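Here's the structure, in structure tokens; my notes come after.
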There are 2 protein chains.
Amino acid sequence: MFNKQELIDFCETARSNYLDHISIDCVVFGFHEGQLKVLGLKIKNEASWYLPGGFVMKDEPIEMAANRILKERTGLDEIFLQQFRVFGDPDRARPHHDMYKDMLPPEENWFSMRFLTIGYYALVDFVHVNPTPDGHSESCTWYDLTDLPDFKLDHAQIIKSALDTLRLQLNYQPIGYNLMPKEFTMPELQKLYETILDKKLDRRNFQRRMLGFGILNRSEQPRKGGAHKAPYLYSFDLKNYQNALKEGLKGGW
Amino acid sequence: MFNKQELIDFCETARSNYLDHISIDCVVFGFHEGQLKVLGLKIKNEASWYLPGGFVMKDEPIEMAANRILKERTGLDEIFLQQFRVFGDPDRARPHHDMYKDMLPPEENWFSMRFLTIGYYALVDFVHVNPTPDGHSESCTWYDLTDLPDFKLDHAQIIKSALDTLRLQLNYQPIGYNLMPKEFTMPELQKLYETILDKKLDRRNFQRRMLGFGILNRSEQPRKGGAHKAPYLYSFDLKNYQNALKEGLKGGW
DNA sequence: GAGCTTGGTGTATTTTGAACACAATAGTAT
DNA sequence: ATACTATTGTGTTCAAAATACACCAAGCTC
């Protein structure tokens, strides 16, 4: 992955720019053709995949760091990003600690350090993402959540944890604004929910409930051209959507 | 707070034992006499309060660190502890950075570092806690959530955030096992919910719903001795309770 | 035991969620 | 054109859950 000189350069840069011991990993969810996808980076010449991640600059708020990291990988700005958990097992990056141990002594070697990683998940509009690999990656691409490649370290666990959080979120927050295109049909939105929950939902009840939230605007024009009956197009009412994000969807107690 | 020699000693110990840049702060909730309480440490000779917190040892899982820290402050073991958020604003501990700047140069001064703090909240049984101040604190005591003293740094915000999380949690997880004594009456449990939610609940409906969760055992013997009608005593059915923690209380979608 | 307070339980009403059936539309095959 | 099919839109019924409310029981004070 790195030769010795590259390693030395990287470690020097890292040491002077980033906070020790802390990294950020992002689980980027996208939705396309009825499938929930995750963005993964493939390492050059290896069957190794990682989540897009990075480090926090010494004087940078962590939310900003997560946004910066994500922008580099997706080209997207102003992404819906949510911190969901810190992974702090001392052994979580053990395989990395020994990786370059022959090239640099531990006190100079950035990778020999223990790292806690702050997990963020992002919901993005699939078609607007421009997946961009970094220098050490062969590719940055979407993977079906149901058919993930071999993510290294604890990254598979991080993805699982992000998905659990997302499913929970669904119960008290609106979702979809960041995953759907501007305009979409009700069945398309339903498909998103069904995919996240891995569960069939009733068409009519879904629609009623969704409309009941008051976060959708129905367009005058139905979508034409497809086979079968032309469905209505909806878009999110951003104002109500934002409000629902804050207030939550249902009372609970 | 520290004189120069103490500071030097502390920084040396800290540097060799703890991870840089990372701290843990615990919001410890207790419940007593119808009031939700938070544990706070008061600094000697200052009108300054802090949450019980500490640092992560170099080879210690963060959950273990949180437990250790809490044990040192409360004497309690095996506490219900939940990570809820990382606070990572670069300025969040700004007041600390300058505190000892005349005593030690920044590169030796532990307190001049930026710290991210991992917020945990704990729910504990008030009567079993024996709040114990550490060496730098004048006192470790309970404060009414409605009447907090002047918490420094962003600790007031951390408390607020913990409470928000707790309220949300209430909707899909059972709560109370860690906050209530072994045996309690239904009105007492209701009071806990009302306090957390800051909201009156209907006596009968609360009871029905609570019993519906199937996590309570009613004792044969009602509590005697008090004035008025003797209420039944309940305890949590630990097995069902644990299960409800995992599965969640209501379906949602 | 009258009066007060607190705790236990039942019932009617409203609201919400789940299940289900039929009508409308746009293409396709004939 | 006409029948057919796949898909979407909508209404209605039934059951379950949440809500509101009223009454009885028990123990203490006086």
Side-chain angles (χ1 to χ4, degrees), chain A residues 33-34 167 170-172 174 176 180-181 183-195 197-235 244 247-253, chain B residues 33-34 167 170-174 176 180-181 183-195 197 199-235 244 247-253:
Chain A
E33 291 178 348
R167 282 186 178 145
L170 224 51
N171 288 317
Y172 53 89
M180 301 294 287
E183 295 204 302
F184 49 89
T185 68
M186 194 58 81
E188 284 165 359
L189 184 60
Q190 181 179 341
K191 188 80 188 147
L192 170 64
Y193 273 74
E194 291 183 337
T195 307
L197 295 167
D198 194 22
K199 186 178 175 178
K200 282 264 163 231
L201 299 172
D202 184 277
R203 220 157 45 86
R204 303 149 266 221
N205 298 332
F206 177 82
Q207 170 147 339
R208 193 186 352 252
R209 192 160 165 184
M210 217 63 209
L211 291 176
F213 293 153
I215 57 174
L216 292 177
N217 292 322
R218 178 189 280 189
S219 158
E220 299 296 317
Q221 301 297 336
R223 168 180 298 172
K224 301 260 168 119
H228 319 303
K229 175 166 182 175
Y232 286 106
L233 285 172
Y234 294 88
S235 58
E247 303 296 323
L249 285 176
K250 353 185 180 190
W253 286 88
Chain B
E33 291 178 347
R167 281 187 178 143
L170 224 52
N171 289 317
Y172 53 89
Q173 287 202 335
M180 301 295 286
E183 296 203 302
F184 48 90
T185 68
M186 195 59 80
E188 283 165 0
L189 183 60
Q190 181 178 341
K191 190 78 189 148
L192 169 65
Y193 273 75
E194 290 183 338
T195 307
L197 295 166
K199 187 177 175 178
K200 282 262 163 233
L201 300 172
D202 183 277
R203 218 155 48 87
R204 301 149 268 218
N205 299 331
F206 177 82
Q207 171 147 338
R208 196 190 342 257
R209 191 159 164 186
M210 217 61 210
L211 291 175
F213 293 153
I215 56 174
L216 291 178
N217 291 322
R218 178 190 280 189
S219 159
E220 299 297 317
Q221 302 296 336
R223 169 180 297 173
K224 301 258 168 119
H228 319 302
K229 176 166 181 175
Y232 286 106
L233 285 172
Y234 293 87
S235 58
E247 304 295 324
L249 286 175
K250 351 184 180 192
W253 286 89

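We name chains A, B, ... by the order of the sequence lines, and we start the count at 1 in each one. Everything numeric in this text was worked out from a predicted model, so none of it was measured.
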**Residues forming a side chain to side chain contact (heavy atoms under 4.5 Å, CB included) with A/Thr195, sequence neighbours excluded** = A/Phe31, A/Leu36, A/Lys191
**Asked** Rounded to whole angstrom units, what separation is found between the CD atom of B/Gln190 and the P atom of C/dT6?
**Response** 13 Å
**Request:** Using a 4.5 Å cut-off on heavy atoms from C-beta on, say whether the side chain of B/Met210 contacts that of B/Tyr193.
**Result:** yes
**Asked** Along nucleotides 6-16 of chain D, 5' to 3', which nucleotides get a B, which get an S, and which get a -, given that the test is a protein heavy-atom distance under 4.0 Å?
**Response** BBBBBBB----
**Request:** Rounded off to whole Å, could you give me the CG-to-C1' distance for the B/Leu201 and D/dT19 pair?
**Result:** 12 Å
**Item:** Side chains of A/Met186 and A/Pro231 in contact at under 4.5 Å (non-hydrogen atoms)
**Value:** no
**Listed partners of B/Arg204 passing salt bridge (Lys or Arg N to Asp or Glu O under 4.0 Å), at least two apart** = B/Asp202
**Request:** For A/Gln207, enumerate each residue passing the side chain to side chain donor-acceptor pair (under 3.5 Å) test, keeping only those at least two apart in sequence or located in another chain.
**Result:** none
**Request:** State which residues pass side chain to side chain donor-acceptor pair (under 3.5 Å) with A/Arg218; sequence neighbours excluded, sorted by chain then number.
**Result:** A/Tyr234
**Complete:** Rounded to whole Å, CZ of B/Phe213 lies from P of D/dA17 at a distance of 11 Å
**Prompt:** What is the distance, rounded to the nearest whole Å, between atom CZ of B/Phe206 and atom P of C/dG7?
**Reply:** 13 Å
